[in-house]
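Everything on this sheet refers to the single structure shown next.
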Amino acid sequence: MTRKRILDIDRFVATIESNYRQWDPPIITFIANRGATPFEVLVSTLLSLRTKDEVTGVAARRLLRAARTPETMVALTPQEIERLIYPVGFYPTKARRLLAISRLLLDRYGGKVPDTLEELTALPGVGRKTANLVLVEGFKIPAICVDTHVHRISNRIGYVKTKNADKTELALRKKLPRRHWVRYNELLVAFGQVLCRPVSPFCSRCPVADMCPQIGVDRHR
DNA sequence: AAAACGGGGGC
DNA sequence: GCCCCAGTTTT
C-alpha cells in the first residue's frame, strides 16, 4: 500500500531560505542580492541565452559597468558590446538584440522598461521567462519565472510533474502560495546553481534531501 | 568527439 | 508541439 507523499512547500522554502546566504551563485548574487534595475535584469537575461550561469555573471558585470541604461547602451557599437560580453558566445545575435531593445525602450517607453507581461513579451527576444524575471526581480511584482532551474527542481522534488516550462508555470500558478512567488525563483536558481545541479547534484550536502524523492535516483554526489 | 549550457521564435 | 538557432566549456 503506497501512500502519496505530499511535499511541505512551506518547509521546503524555509529550509532553502535559511541556507541561501551560504551560497554564492553568480547570477543571483548579481541580480537579486544587489537589487538590480529592470534594465539590468533584462540585459543579464539576454546574455544568459545558452550560456552557463558563471559566464553570464562575469559578462553581465562587465557590460553593465559600461552601460547600465538604454541611453548608455545605444552609445556602444556592436563590436564594443561583443568585446565586453566575451565569452558568452552568440555575439552578433546578442549584441544586435541588446541594441535593438535599448533603442526600442528609448523610442517607445522613454528609456524605461515596461512593467507588464504583455509589453515585455512584445520586445524582440523577450519571451515568458525573461518577462517574468524582469517583473519579479526588477520590479518585485509577484510573478513566477520558470527558468531551467525552477523547472528542473520543481519537478525533481515532485511538487509538479510537467514536461515543459510553460506547463510548470501554469501548475505553479495554481499550487504555489502567492506569498512565495517573489522569492521562489531566486531561491531555486541559487539552489540549482550551487547544489541541485542538472547532472551530478550534491545530494550529500543538500538541506532538503529528506523531502526529495529523487535521492538515489540521479547520479549524485 | 560529444555533450552540456537555455530560451525565443517560426511554423 | 516540433524544429531551428550556433559559441564556448566540460566531460
Side-chain angles (χ1 to χ4, degrees), chain A residues 23-32 38-63 78-105 113-114 116-138 143-156 160-173 184-186 188-202 214 218-221:
Chain A
W23 304 328
D24 189 27
I27 291 301
I28 284 302
T29 306
F30 184 71
I31 290 182
F39 184 70
E40 290 178 310
V41 176
L42 188 53
V43 169
S44 305
T45 312
L46 293 173
L47 289 184
S48 78
L49 200 65
R50 200 169 169 109
T51 302
K52 288 182 177 58
D53 292 324
E54 305 88 274
V55 175
T56 306
V58 173
R61 282 168 201 273
R62 202 183 311 123
L63 176 61
Q79 291 72 28
E80 287 173 322
I81 293 178
E82 292 182 20
R83 192 159 35 78
L84 286 164
I85 64 179
Y86 182 86
V88 298
F90 306 88
Y91 308 107
T93 305
K94 287 178 178 177
R96 215 183 316 120
R97 267 190 196 164
L98 287 165
L99 283 170
I101 285 186
S102 297
R103 289 198 195 99
L104 215 149
L105 291 177
V113 177
T116 68
L117 192 65
E118 294 70 30
E119 291 172 298
L120 285 166
T121 51
L123 299 173
V126 177
R128 289 194 72 84
K129 180 261 172 180
T130 305
N132 278 317
L133 189 67
V134 170
L135 290 179
V136 71
E137 291 305 331
I144 295 177
C145 168
V146 179
D147 70 348
T148 180
H149 296 294
V150 172
H151 180 56
R152 177 182 73 256
I153 296 168
S154 296
N155 280 280
R156 193 177 265 174
V160 302
K161 296 177 170 67
T162 62
K163 295 275 185 204
N164 67 58
D166 286 346
K167 293 248 176 66
T168 296
E169 189 193 323
L170 289 180
L172 287 176
R173 247 173 217 294
Y184 193 75
N185 174 258
E186 59 197 58
L188 260 59
V189 171
F191 180 48
Q193 286 183 322
V194 177
L195 292 178
C196 198
R197 303 182 316 182
V199 298
S200 305
F202 292 101
Q214 290 297 310
D218 290 349
R219 190 163 73 86
H220 60 280
R221 301 181 184 176

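Chain naming here is simple, since letters A, B, ... match the order of the sequence lines and numbering starts at 1 in each. All values below were derived from every heavy atom in this structure, side-chain atoms included, with hydrogens, water molecules and symmetry-related copies excluded.
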Restricting to pairs with a member in residues 40-49 of chain A, which pass side-chain hydrogen bond (donor to acceptor under 3.5 Å, both in side chains), not counting sequence neighbours? R34(A)-E40(A), T37(A)-E40(A), E40(A)-R68(A)

Only pairs at least two apart or in different chains count here, so list each salt bridge (Lys or Arg N to Asp or Glu O under 4.0 Å) that has a residue in residues 89-98 of chain A. none

I'd like the P distance from dT9(C) over to dG8(B), given in whole Å. 24 Å

With E137(A), which of N132(A), I27(A), N185(A), V189(A) fulfils side-chain contact (heavy atoms from CB on, under 4.5 Å)? N185(A)

Flag the pair C145(A) / V150(A) as yes when at least one side-chain heavy-atom distance between them is below 4.5 Å, and no otherwise. no

Determine which bases of DNA chain B form Watson-Crick or G-U wobble pairs with both distances under 3.5 Å, and write the result as a 5' to 3' dot-bracket string with | for other-strand partners. |||||.|||||

S154(A) side chain to H151(A) main-chain N or O, any donor-acceptor pair under 3.5 Å? no

Summary of protein contacts for nucleotides 6-11 of chain B, nucleotide by nucleotide, where a base hit scores B, a sugar-phosphate-only hit scores S (4.0 Å, heavy atoms): BBSS--

In this structure, how many angstroms lie between the C1' atom of dT8(C) and the CZ atom of R83(A), rounded? 19 Å

dT8(C), OP1 or OP2 - any side-chain N/O from Y86(A) closer than 4.0 Å? no

Check the distance between dA4(B)'s P and E54(A)'s CD and give it to me in whole angstrom. 16 Å

Side chains of P124(A) and I101(A) in contact at under 4.5 Å (non-hydrogen atoms): yes

Under the side-chain hydrogen bond (donor to acceptor under 3.5 Å, both in side chains) test, which residues partner Q193(A), sequence neighbours left out? D53(A)

Could I get the full list of ring pair (Phe, Tyr, Trp, His ring centres under 6.0 Å) partners for Y184(A), not counting sequence neighbours? none

When rounded to the nearest Å, what value does the distance between P atoms of dG6(B) and dT11(C) take? 14 Å

In this structure, how many angstroms lie between the P atom of dC2(C) and the CG atom of N164(A), rounded? 10 Å

P atoms of dA6(C) and dC11(B), separation to the nearest Å: 15 Å

